[in-house]
Asker: 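Can you keep this structure in mind? I'll have questions shortly.
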Amino acid sequence: MPVKQELQEGRVPVKIYTGEIEPEARQQLVNISKLPIVHHHVAAMPDVHLGIGATVGSVIPTVRAIIPAAVGVDIGCGMIASRLSLTGNDLEEKTLRKVFGQIERDVPVGFNQHPDAKARSHAIKPFRKGLERILERHPGITKRVGKSSSWVLQMGSLGGGNHFIELCLDETDAAWVMLHSGSRGIGNAIGSYFIELAKKDLQRANVQVPDRDLAYFQEGARHFDDYVEAVGWAQDYARANRAEMMDLVLEALRRHLPSFEVTQEAVNCHHNYVERERHFGEEVWLTRKGAIRARAGELGIIPGSMGARSYIVRGRGNADAFDSCAHGAGRRMSRNAARKHFSVSDLIEQTRNVVCRKDEGVLDEIPGAYKDIDEVMANQSDLVEVVHTLKQVLCVKG
């Protein structure tokens, strides 16, 4: 499907890949398009919805500048998926319940973390010196994250909110492990610290922006290089965190399921991040806030909700979308609204045939609070092609 809407209310256009967008999110996109640092246009993916400052589902090219709040506080949040030699015949419900319990014991979820600092020491080692250098220049980050050792204990942990671990079956009945998480507490501390710093710097420079959360660092400015180093560190940490969890989940599966091999790893991809790319004749800092990279031939992961299909996709390299696509179904209802609108019985009904929590604690993650993933996929048929269609049989939420 082509671009559904194009807004011409700012300094550059906004190209939107859906006809359905809430007024507040639309205004956020217009605000972004008014910034003097934005190059060529802004793209909004089919799962676009209201965010803080920048819209979730937006792709923002900026020239010699970065907007920290557009990257957000869940820096490097993303997905990883591995295909297994197991099939649906190996996944009886009784066994899946054992697997569910094993994963919850082996992978810290919610506010939990590993009790032993040596638990994932091999994964932590490459990150120590880099973080020490960042914290030496910006000790205020430590104050935000709490205990200085928490980033060590959280390596290989899930977190809460919409983060999840799933066991799925594809269209051939092959099993997949898929999980969603990011840079945990340290990423949040880095993100929130630099967002506030950008606001203060812009205020001191007397630069006006449509929304304070769109404050940005420019190349050459006092804190630009420090932010680039810190956000890069957090993105690498997030990728390693997902890889560590994948190892833990596979170990948990091996305790209860027949012997198996990993036959394909789809991708370990970010969907909240910034990186240097070239688009429309310019070297830019490209921020994908709730979007994944979808260069021609590149594999990606687009999850649905707890009771809906998910997709392994191959990018088509669409230039107008800045080689990007949606990162999931996208919320159509806030967490508070979902809790008011749905009941536990609704959750039970909407997650039939899925081994998962079915209590008030995850009611805000009910499938009905999300957009229709099939409609999202239809709206981006010129951005990606579907390689595999997955349906979960087990879901562990934070």
Side-chain angles (χ1 to χ4, degrees), residues 32 35-40 42 52-54 58-78 124-145 148 150-152 182-209 211-241 270-289 291 293 322:
I32 296 166
L35 296 175
I37 59 173
V38 176
H39 171 65
H40 205 273
V42 176
I52 298 175
S58 60
V59 184
I60 309 166
T62 49
V63 179
R64 293 182 290 278
I66 301 176
I67 309 165
V71 181
V73 297
D74 199 358
I75 300 171
C77 187
I124 287 299
K125 188 176 180 180
F127 293 95
R128 283 193 181 278
K129 287 185 178 179
L131 185 59
E132 286 171 2
R133 189 166 56 248
I134 293 165
L135 296 181
E136 186 178 339
R137 290 196 294 268
H138 297 280
I141 295 171
T142 306
K143 295 176 183 177
R144 289 176 180 270
V145 79
S148 59
S150 64
W151 73 276
V152 174
S183 53
R184 306 294 288 107
I186 186 63
N188 187 298
I190 288 170
S192 57
Y193 172 83
F194 279 102
I195 288 169
E196 290 305 311
L197 208 55
K199 291 176 182 177
K200 291 174 182 176
D201 285 2
L202 232 61
Q203 188 175 17
R204 276 194 293 266
N206 200 28
V207 175
Q208 302 299 314
V209 289
D211 183 330
R212 287 189 71 239
D213 282 311
L214 294 178
Y216 52 85
F217 293 123
Q218 290 186 290
E219 288 184 8
R222 180 182 174 192
H223 296 118
F224 181 86
D225 290 341
D226 285 356
Y227 178 69
V228 169
E229 181 181 3
V231 79
W233 183 94
Q235 288 170 185
D236 291 342
Y237 178 93
R239 190 184 300 276
N241 181 46
H270 300 317
H271 54 225
N272 285 344
Y273 72 112
V274 62
E275 68 179 359
R276 197 83 162 143
E277 295 186 10
R278 186 170 185 83
H279 293 277
F280 293 98
E282 184 75 52
E283 290 291 329
V284 299
W285 289 100
L286 193 75
T287 299
R288 292 183 175 94
K289 184 181 181 72
R293 195 174 65 194
F322 301 106

Asker: Over 60° means perpendicular and under 30° means parallel, so classify the ring planes of Y227 and F217, tilted if in between.
Answerer: tilted
Asker: Measuring from atom NE2 of H271 to atom NZ of K289, what distance do you get when rounded to the nearest 0.5 angstrom?
Answerer: 10.5 Å
Asker: Could you pull out the closest heavy-atom pair between S183 and A234, with the gap in Å?
Answerer: CB-O, 3.5 Å
Asker: What is the distance from atom CD1 of I32 to atom CG of D213, rounded to the nearest 0.5 Å?
Answerer: 10.5 Å
Asker: Side chain to side chain contact (heavy atoms under 4.5 Å, CB included), that's the test. Do E277 and E283 meet it? Break it down for me.
Answerer: CA-CA 6 Å; E277 295 186 10; E283 290 291 329; over 6 Å; no
Asker: Please assess E196 against R144 for the test salt bridge (Lys or Arg N to Asp or Glu O under 4.0 Å), listing each intermediate value before the final yes or no.
Answerer: CA-CA 12 Å; E196 290 305 311; R144 289 176 180 270; 5.5 Å; no
Asker: Could you tabulate the donor-acceptor pairs under 3.5 Å formed by side-chain atoms of residues 59-78, not counting sequence neighbours?
Answerer:
unit_1 : atom_1 : unit_2 : atom_2 : d
T62    : OG1    : A65    : O      : 2.5
T62    : OG1    : W285   : O      : 3.1
D74    : OD2    : H163   : NE2    : 3.0

Asker: Any Lys/Arg nitrogen of R239 or D236 sitting under 4.0 Å from an Asp/Glu carboxylate oxygen of the other?
Answerer: no
Asker: Checking H39 side chain against F280 main chain: does a donor-acceptor pair fall under 3.5 Å?
Answerer: yes
Asker: Is R212 reaching over with its side chain to a backbone N or O of A215, donor-acceptor style, under 3.5 angstrom?
Answerer: no
Asker: Take R293 and R288, measure what side chain to side chain contact (heavy atoms under 4.5 Å, CB included) needs, and give me the verdict at the end.
Answerer: CA-CA 8 Å; R293 195 174 65 194; R288 292 183 175 94; 3.4 Å; yes
Asker: Measure the spacing between CD1 of I134 and CG of D226 and express it to the nearest 0.5 Å.
Answerer: 8.5 Å
Asker: Kindly compute the distance separating NZ (K199) from CG (D211), expressed to the nearest 0.5 Å.
Answerer: 8.0 Å
Asker: Could you tell me how the ring of H270 sits relative to the ring of Y273: parallel (under 30°), tilted (30 to 60°) or perpendicular (over 60°)?
Answerer: tilted
Asker: Can you tell if the side chain of Q218 reaches within under 4.5 Å of the side chain of F224, non-hydrogen atoms only?
Answerer: no
Asker: Assert yes or no for the condition that the ring centre distance of F194 to H138 is strictly below 6.0 Å.
Answerer: yes
Asker: Drop me the distance from I52's CD1 to L214's CG, to the nearest 0.5 angstrom.
Answerer: 12.0 Å
Asker: Using modelled atom types and a 3.5 Å cut-off, is there a donor and acceptor pairing between side-chain atoms of Y237 and backbone atoms of W151?
Answerer: yes
Asker: Would you call E132 and R137 a salt bridge, using N to O less than 4.0 angstrom?
Answerer: no
Asker: Any chance you could measure R204, atom CZ, to D201, atom CG, to the nearest 0.5 Å?
Answerer: 4.5 Å
Asker: Looking only at heavy atoms, what is the nearest atom pair of A238 and G182, with distance?
Answerer: CB-C, 3.5 Å
Asker: Working note: K200 + H223, criterion side chain to side chain contact (heavy atoms under 4.5 Å, CB included); need CA distance, chi angles, decisive distance, verdict.
Answerer: CA-CA 11 Å; K200 291 174 182 176; H223 296 118; over 6 Å; no
Asker: State which residues pass side-chain hydrogen bond (donor to acceptor under 3.5 Å, both in side chains) with Q203; sequence neighbours excluded, sorted by chain then number.
Answerer: none
Asker: Report the C-alpha distance between I190 and V231 in whole Å, list the side-chain angles of each, state the deciding distance to 0.1 Å, and finish with yes or no for side chain to side chain contact (heavy atoms under 4.5 Å, CB included).
Answerer: CA-CA 7 Å; I190 288 170; V231 79; 5.6 Å; no
Asker: Taking C-beta and beyond as the side chain, do V284 and F322 meet within less than 4.5 Å on heavy atoms?
Answerer: no
Asker: Pair R276, E219 - check salt bridge (Lys or Arg N to Asp or Glu O under 4.0 Å), show working.
Answerer: CA-CA 13 Å; R276 197 83 162 143; E219 288 184 8; 3.5 Å; yes
